[in-house]
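Everything on this sheet refers to the single structure shown next.
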Amino acid sequence: MSQPNLAPIPELYVNADSAQKLKADAGDMLSWDLSARQLCDLELLMNGGFYPLKGFLTQTDYDGVVDNMRLTSGDLWPMPITLDVSQDFADKIEPGTDIALRDQEGVILAILSVTDKWSPDKKREAEKVFGADDLAHPAVNYLHNVAGPVYLGGPITGIQPPTHYDFRARRDTPNELRAFFRKMGWRRIVAFQTRNPLHRAHQELTFRAAREAQANLLIHPVVGMTKPGDVDHFTRVRCYEAVLDKYPQATTHLSLLNLAMRMAGPREAVWHGIIRRNHGLTHMIVGRDHAGPGKNSQGQDFYDPYAAQELFREHQADIGVEMVDFKQMVYVQERAQYEPRDEVEEGATILDISGTELRRRLREGLDIPEWFSFPEVVTQLRRTSPPRDKQGFTVFFTGLSGSGKSTIANALMVKLMEMGGRPVTLLDGDVVRKHLSSELGFSKEHRDINIKRIGYVASEITKNGGIAICAPIAPYTATRRAVREMVEAFGAFIEVHVATSVEECERRDRKGLYKLAREGKIKEFTGISDPYEIPENPELRVQTEGVDVDYAAQQVLLKLEQMGLIGLS
């Protein structure tokens, strides 16, 4: 490969005078408040990270990307970058309209000149881009249950980048990295893309990859959006900083990439390569199952483990970045060193700790050997992953009205308070309605909002080491999943399905609600005129018919003990 072109890459920002004028003009425009994912996308559009894109995809570009990874210009581009909006907002917009794009605080960042508006076929997008229309894939779930139903496309005029208050010295735009490489005289630079903490095996493979490519090394972790349940980026960056001095001095640089990952496997690998080319890199390490989302709903891997490497290799010339194979490094006990797995002779003792085993050891406060990870990294992980019986968690009861959720939740609260150790908060459906959601009705939209409010409060309690007990009806799978993702960012989420039949609930009905629902006097009543989507894989399913409350609450306590969240001794 020839020497890299480290000349500045085109950005979409206007000069300071034009930006001031646009800010003033934006007061008369319709505004769209960007979601977290849209904010990441906009930043990389504006700073050249998504070059050659000049804005959110038009419909023809979107079709080309979805069908064959090509823009209408013929350029390779594997990932739809679209501005999804609500139907209500889309109804106010026609092509030819300019809209102001703002962050969550209302700060204007850019103007979108809308040229296209359409309602995408999301099933087709899921199948073509992610390989399956399967809600077990986080990006497919996002597509169907989070993203708006209408896409807007058109060029972007950048006014100012989003503000980041964390790790500011580690955040480089493509042009800032290119300038750094020019200044340092780096001509061959290999990128290591990661969303996980670095352990000794990663350090060994990155060091070897850079040496084999005769290149400098850029550790380029994603700090935008990764897979739900990943270690938070604050902890990860502290881990990266802790291992920087393990590399030879002046050969390695750490820079943070504010990318919203889609976990799209092969297409994601190609996308990561294009983004790294825009940042001035010449090589990239592509791993086994690169950016894979885990298991599908049948329990199989979404992608073949080597599909990402194959697709990257196929398009390497268009990407403009050379692929460096990710060699699986293993620790050989007899020689007390890491070696490539395929070079270790038969009969040698190989030691390894899986991600699941690492999380178990952190959770249970067990030893993590120095051959596996650096003590400095383990220290950082232990700071944010204390033993499970010291962490906050959420118990989320779901079931029909009258199933016994609130009664069991109250009993559980008292038992946990009797044990002591952590503050316990009960977020009962009726109580939350009164204090947090008094303005909401009982339409599907309003019920979803109510449950997400409960989830938000529960996630904050969990984050701060408390126990949240929730007892709403929560009839919809997608909404329960959204709450799970909110909570699991900070601690354990235990879904308890109180599986009382509708006939039994109706028999118990003290308030006469089922009778009114059957008479049509209460509309959209769960279990009668509105569906209850039964949880497929709750942590616990509790039957209440013929069972007393104390026994039901005890079942939950035993589950919490089994998960290591409490000690009953």
Side-chain angles (χ1 to χ4, degrees), residues 8-66 71-73 75 77 79-122 125 142-143 146-164 173-175 224-225 258-260 275 278:
I9 198 162
E11 297 183 349
L12 301 182
Y13 294 110
V14 294
N15 63 37
D17 289 343
S18 300
Q20 282 304 117
K21 183 176 184 308
L22 281 171
K23 279 185 187 176
D25 294 345
D28 299 325
M29 295 178 193
L30 280 170
S31 285
W32 178 255
D33 291 345
L34 298 159
S35 67
R37 183 159 109 173
Q38 292 167 349
L39 205 53
C40 290
D41 288 350
L42 178 66
E43 180 172 354
L44 285 164
L45 282 169
M46 294 192 295
N47 70 21
F50 282 173
Y51 181 80
L53 302 192
K54 294 182 172 62
F56 290 102
L57 295 184
T58 62
Q59 188 170 0
T60 51
D61 274 333
Y62 164 83
D63 286 337
V65 167
V66 168
L71 302 167
T72 48
S73 63
D75 286 311
W77 190 266
M79 198 60 57
I81 304 298
T82 50
L83 187 73
D84 58 279
V85 299
S86 65
Q87 188 65 57
D88 286 349
F89 186 79
D91 290 343
K92 303 171 192 169
I93 301 293
E94 288 305 325
T97 310
D98 283 354
I99 61 172
L101 302 180
R102 300 179 185 270
D103 68 11
Q104 297 297 319
E105 278 75 50
V107 176
I108 181 166
L109 304 177
I111 306 294
L112 169 64
S113 301
V114 179
T115 59
D116 293 58
K117 178 177 88 167
W118 74 102
S119 298
D121 178 347
K122 291 188 175 184
E125 182 178 334
Y142 186 98
L143 185 65
V146 181
V150 182
Y151 289 175
L152 303 179
I156 289 292
T157 305
I159 295 173
Q160 65 188 61
T163 303
H164 300 287
T173 67
N175 282 328
M225 296 173 71
N258 197 47
L259 175 71
I275 293 166
N278 291 336

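No donor-acceptor contact under 3.5 angstrom links the side chains of D84 and T82, judged on distance only. With 3.5 Å as the limit, one finds a donor-acceptor pair spanning the side chains of Q160 and K23. Between the side chains of N258 and E43, at least one donor N or O sits under 3.5 Å from an acceptor N or O. Side-chain contact of D91 with Q87: a donor-acceptor pair under 3.5 Å is present, judged by distance alone. A donor-acceptor contact closer than 3.5 angstrom is absent between the side chains of T60 and D63. No hydrogens or angles considered: nothing links the side chains of D116 and T58 as a donor-acceptor pair under 3.5 Å. A donor-acceptor contact closer than 3.5 angstrom links the side chains of E125 and Y62. Inspection of the E11 and N175 side chains reveals an N or O donor paired with an N or O acceptor under 3.5 Å.
Residue G224 comes nearest to C40 through the heavy atom pair CA-SG, 3.9 Å, listed as atom of the first residue, atom of the second, then distance. Listed here is the closest heavy atom pair of W118 and L152: CZ3-C, 4.4 Å. Across every non-hydrogen atom of M46 and P161, the tightest pair is CE-CA, 4.1 Å. When all heavy atoms of D33 and D103 are compared, the pair lying nearest together is OD1-O, 4.1 Å. The two residues V14 and A19 have their closest heavy-atom pair at CG2-N, 3.7 Å. The shortest heavy-atom contact between F56 and L83 is CD2-N, 3.5 Å.
One finds no salt bridge joining D88 and K92 here, because no Lys/Arg side-chain nitrogen approaches an Asp/Glu carboxylate oxygen to under 4.0 Å.
Here the side chains of V150 and K117 are in contact, with some heavy-atom distance below 4.5 Å. S119 has its side chain out of reach of P149: every pair of non-hydrogen atoms, C-beta onward, lies at least 4.5 Å apart. For the pair F50 and L259, the minimum side-chain heavy-atom distance is below 4.5 Å. When side chains are defined from C-beta on, W32 counts as touching S86, because their heavy atoms get closer than 4.5 Å. Counting only heavy atoms from C-beta outward, the side chains of L101 and I108 never approach each other to under 4.5 Å.
Here the CG atom belonging to D98 is positioned 7.5 Å from the OG1 atom belonging to T157, to the nearest 0.5 angstrom. With values rounded to the nearest 0.5 angstrom, R37 atom CZ is found 4.5 Å from Y142 atom OH. In this structure, CG in N47 is found 9.0 Å from CG in N278, a value given to the nearest 0.5 Å. Here the CG atom belonging to L39 is positioned 5.5 Å from the CG atom belonging to L34, to the nearest 0.5 angstrom.
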*Does the pair D17 and K21 meet the rule for a salt bridge (charged side-chain N to carboxylate O under 4.0 Å, His left out), with working shown?*
CA-CA 6 Å; D17 289 343; K21 183 176 184 308; over 6 Å; no
